[in-house]
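First up is the structure itself, then whatever we jot down about it.
Hydrogens, waters and symmetry mates are skipped; everything else that's a heavy atom, side chains included, is used. Here is the naming used below: chain letters follow the sequence lines, and residue numbers restart at 1 for every chain.
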There are 2 protein chains.
Amino acid sequence: MMDRTYKDIQQITLAVDCIIFGFNDNRLEVLLVHRGFAPEKDRWSLMGGFVGNHEDLDDAANRVLKDLSGLEDVYMEQVRTFGKAKRDPYERVVSTTYSALILKDKYNKELIEEYRAKWFPIDELPDLIFDHKDMVDSAIRRLQRRVRTFPIVFNLLPDKFTLPQLQKLYEGIFQEEMDKRNFRKKLATMDFLIKLNEKDMSESKKGAFLYRFDEKKYNKTKNFTI
Amino acid sequence: MMDRTYKDIQQITLAVDCIIFGFNDNRLEVLLVHRGFAPEKDRWSLMGGFVGNHEDLDDAANRVLKDLSGLEDVYMEQVRTFGKAKRDPYERVVSTTYSALILKDKYNKELIEEYRAKWFPIDELPDLIFDHKDMVDSAIRRLQRRVRTFPIVFNLLPDKFTLPQLQKLYEGIFQEEMDKRNFRKKLATMDFLIKLNEKDMSESKKGAFLYRFDEKKYNKTKNFTI
DNA sequence: GTCGAAAATGTTATATATACACTTACAACC
DNA sequence: GGTTGTAAGTGTATATATAACATTTTCGAC
């Protein structure tokens with residue numbers, strides 16, 4: 001902060017936009033809202049909102065997410081701030097993006113309908129307003145980096161999940177196929193992945209064993225890389 | 001952006017703060033300014049400034065850096081945005097941080113004196129105002145990640161530099177010593193590091209060969225990891 | 001009891017990372 | 001001009017991580 005007085009400083013509308021990721025049908029998807037109002041009526045956008053004058057930036061992002069999904073205590077990270085003067089052609093708005101990882105079957109469907117929101121696979125995004133496509137892209141790139149060294153993907157899965165599911169999720173995030181044996185070899189070294197005596201029979205005749213992520217055990221060593 | 005009108009939205013003072021890195025005396029340092037004005041008079045802070053109403057956020061960061069250093073076209077990256085409502089106890093200010101890599105002997109010394117700025121090694125920082133210590137820490141962590149996969153350290157070195165210098169720089173960034181032979185083995189695989197027929201005799205009797213980073217050659221392959 | 005479909009499993013080759021010690025060049029000094 | 005001190009420069013062996021690749025198992029459906 002330099003030596004100007006705090007008076008007469010120009011103020012700017014500050015917003016947050018959420019890139020909400022979900023794992024559906026073995027694909028990584030993003031939740032988008034359909035704008036029912038001008039400007040840019042009937043186009044798709046990220047879920048966003050303005051930051052209150054006495055509201056923490058992080059809190060604003062959580063509030064916006066809760067308004068749409070009904071969810072609280074969601075895994076969320078700030079991604080970056082988009083601040084081009086002309087990024088919103090109607091008004092000067094600077095927007096900080098947050099990436100959220102949610103569980104598809106936990107969100108509130110009525111709220112989502114109310115906002116006319118829809119899930120889109122990340123490789124089939126519709127046309128988005130303003131710079132929202134750049135926002136999604138940077139969030140995906142960040143997610144791709146983060147999931148290599150932090151066990152955050154479990155936020156996208158139910159408590160019990162199978163290894164084929166987990167692999168499909170990583171493949172959806174990286175947008176590339178992985179070798180099953182090498183993938184499992186890495187997971188086998190991680191003692192915080194607990195194999196249960198239960199199978200999920202819904203995806204195959206043989207059934208796949210269910211696993212659980214033990215966060216406490218993970219916190220002891222915190223070594224994780226895919 | 002959700003369905004509120006654009007009217008009556010609260011506006012917030014937006015700032016940028018620059019974490020300016022330099023490599024001096026074989027150490028990684030940060031340039032800080034001494035506040036000569038209230039509030040927080042006589043404490044140290046990052047160089048910052050407010051964002052103009054019609055100014056791109058990136059442009060604001062570049063302007064602030066130029067005001068202090070006289071430098072333009074500096075390597076700069078956005079780091080993250082600090083938005084706690086009470087982070088500045090006097091007024092609501094949201095600040096986006098930018099990390100800059102500058103060359104020590106190129107900046108404008110008069111400007112720096114005018115602002116009462118001073119270089120501090122990153123492991124000997126003074127007490128900083130507000131959340132500026134967190135800002136520096138997150139910029140250092142980001143820098144540590146970035147220099148592993150992008151050849152950005154050359155922004156901290158003169159056009160011609162020696163391998164011992166380069167290694168000292170990496171050691172300063174990582175805050176740990178590295179093995180000379182393994183370090184050079186990696187560099188030897190990079191054909192965009194051009195060995196010159198010149199030695200720098202200032203640091204040793206034997207002298208160390210000077211090298212040059214060839215950006216065009218780098219751009220052909222773009223493979224770089226330390 | 002045969003078939004089909006997905007789950008589960010190991011080995012080898014290659015690449016990368018780590019650990020480690022001596023020789024060389026040159027200025028400074030006697 | 002010979003000795004000394006200091007930093008520059010160099011190679012090899014070992015351990016670890018990554019990548020490539022095919023068969024067997026299970027069980028429901030028919």
Listed nucleotide nearest any side-chain atom of B:K199, set C:dA19, D:dT10, C:dC26: C:dC26
Over 12 non-hydrogen atoms of neighbours within 6.0 angstrom of NZ in A:K160: no
B:P164 side chain, from C-beta outward: closest of C:dA19, D:dG9, D:dC27: D:dG9
Listed nucleotide nearest any side-chain atom of A:A208, set D:dT10, D:dA13, C:dA7: C:dA7
Separation of atom CG in A:D200 from atom P in D:dG28, rounded to whole Å: 13 Å
Whole-Å gap separating P (C:dA6) and CG (A:L163): 17 Å
Ion pair check, B:D137 and B:R141, cut-off under 4.0 Å: no
Distance in angstrom units between A:D179 CG and C:dT11 P, rounded: 16 Å
Per A:K206 side chain, nearest of listed nucleotides D:dA8, D:dC21, C:dA7: C:dA7
Presence of A:R181 side-chain N/O under 4.0 Å of C:dA8 phosphate oxygens OP1/OP2: no
Residue mapping more 5' on DNA chain D - nearest nucleotide basis, B:K185 or A:T225: B:K185
Under 3.5 Å donor-acceptor pair, B:K205 side-chain atoms to C:dT24 base atoms: no
Proximal nucleotide (of C:dC20, C:dT9, C:dC26) relative to the B:M201 side chain: C:dC26
Under-3.5 Å donor-acceptor pair between B:K180 side chain and D:dG9 base: yes
A:R27 and A:D123 ion-paired at < 4.0 Å: yes
B:F161-B:F213 aromatic ring centre distance below 6.0 Å: no
Contact under 4.0 Å: A:K186 side-chain N or O vs D:dT18 OP1/OP2: yes
